[in-house]
Protein chains: 2
Amino acid sequence: MNIGQAAEASGVSAKMIRYYEQIGLIRPSARSDNNYRVYGEDEVHVLRFIKRARSLGFSLEETERLLALWQDRSRESASVKAVAVQHIADLKRRIAEMEGMVKTLSHLAHCCGGDGRPDCPILEDLAGHAPPPTPAAPRPRRRAQ
Amino acid sequence: MNIGQAAEASGVSAKMIRYYEQIGLIRPSARSDNNYRVYGEDEVHVLRFIKRARSLGFSLEETERLLALWQDRSRESASVKAVAVQHIADLKRRIAEMEGMVKTLSHLAHCCGGDGRPDCPILEDLAGHAPPPTPAAPRPRRRAQ
DNA sequence: GTAGGGCTTCCCATCATGGGAAGGTCAAGG
DNA sequence: CCTTGACCTTCCCATGATGGGAAGCCCTAC
């Protein structure tokens, strides 16, 4: 199986497969005579594992730990659970943070007329009730080059 | 006021102030004889505006739009509200995504013994019930150089 | 005069992913 | 036999927002 087929079969892009190999998340695959990467079922399972872990929000570093635990038959499930529990806490923290933003913004948006007049509580909040500086907004917007 | 004082007064790091200037989010400050950046109250207000917008999760691009609206006295509050409403929707989408992760993970973690035995529903889920490939986990972990 | 702290620019790293160029390889079809 | 197109290879660059740090200039206090 070439990298394209492994990508198809696992849902991980070829680009990412090469990257995972480069950073040592997966081991270098075998190569065929023409120097193409060659994959088997085992490798596809590993890629699917990574894909699933990523879709649950685990970082590549956490994914690496989980992968190692998966392949360690003498693991203790407590080790796995610890990684998961930590990640859940992290997700909850980020969710709470965003919910705070939503709460504040919803309130402000609710108080904003959203009409043709310039008065806007959203801007007032952002400005901390300071008057806008007279100079116009910057236009060029050339990002770092 | 030098950049360090402006950073102190606004809560935006000196590093970031320079960056914002570089990408055109704020206009280049005046310079003193010794080529130091010089800031006044107006600039600090702008920086605080940016800081507040960032703390509400707005991207720098959205922040730029809000900044322009703030400085446009003939703005329509509808324009501001549109930016906010879009951002709220975005936040809600991301929250929902993460809540899905939390839900799945909480269930799996709850079902996991978290003891000294190797059996682990978390790994089973990640693996899609495939057996772990025999090769040990990769160790080197040398990131892209 | 020198020590320290602040400022300047410039480069690099993060995290995970994608885009794209330049070139090798292979199969099908004219 | 040659071309075309679809693969594959490596290499470099970009994203978004931020921080770290080096090398060198400026100013003030001792």
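Sequence lines set the chain letters: A, B, ... in the order given, protein chains first and strands last, and positions in each chain run from 1.
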Tell me: CZ of A:Phe58 to C1' of C:dA16, nearest whole Å? 17 Å

Under 3.5 Å donor-acceptor, B:Arg48 side chain and B:Ser10 backbone: no

Find the distance A:Glu62:CD to C:dC15:P and express it as a whole number of Å. 12 Å

Euclidean distance, atom CG of residue B:Leu25 to atom C1' of D:dG16 [Å, nearest integer]: 13 Å

Rounded off to whole Å, could you give me the CD-to-P distance for the B:Glu21 and D:dA17 pair? 18 Å

Distance check needed: D:dA17 P versus B:Gln22 CD, whole Å only. 14 Å

Nearest 0.5 Å please: distance from the CD atom of A:Gln71 over to the CG atom of A:Asp42. 9.0 Å

Please determine whether residues B:Leu126 and A:Val85 belong to a single hydrophobic cluster, defined as Ile, Leu, Val, Met, Phe, Trp and Tyr linked transitively by side-chain heavy-atom distances below 4.5 Å. no

Strictly distance-based, threshold 3.5 Å: is any side-chain N or O of B:Glu43 a donor or acceptor partner for the main-chain N or O of B:Gly40? yes

Annotated protein contacts, base or backbone, on nucleotides 1-8 of chain C with a non-hydrogen cut-off under 4.0 Å, one of B, S, - each: -----BSB

Contact summary for A:Cys111 and A:Pro121, nearest pair of heavy atoms: O-CG, 3.3 Å

Contacts of A:Asp33 and A:Met16 projected onto DNA chain C by closest heavy atom; the upstream (5') one is A:Met16

Can you tell if the side chain of A:Arg27 reaches within under 4.5 Å of the side chain of A:Val46, non-hydrogen atoms only? no

How many whole angstroms separate atom NZ of B:Lys51 from atom C1' of D:dA17? 12 Å

For C:dT17, does OP1 or OP2 lie under 4.0 Å from any side-chain N or O of A:Ser13? no

How many Å lie between OH on A:Tyr19 and C1' on D:dT15, as a whole number? 13 Å

Interatomic distance, CD@B:Glu97 vs CD1@A:Ile95, rounded to 0.5 Å, equals 10.0 Å

Set of residues satisfying salt bridge (Lys or Arg N to Asp or Glu O under 4.0 Å) with respect to B:Glu99, sequence neighbours excluded: none

Rounded to 10°, tell me the angle between the two end axes of the helix from C:dG1-D:dC30 to C:dG30-D:dC1, each built from five pairs. 40°

Would you mind telling me which residue lines up with the more 5' stretch of DNA chain D, B:Tyr20 or B:Lys15, judged by nearest nucleotide? B:Tyr20

Any chance the side chains of A:Ser77 and B:Asp115 put a donor and an acceptor closer than 3.5 Å? yes

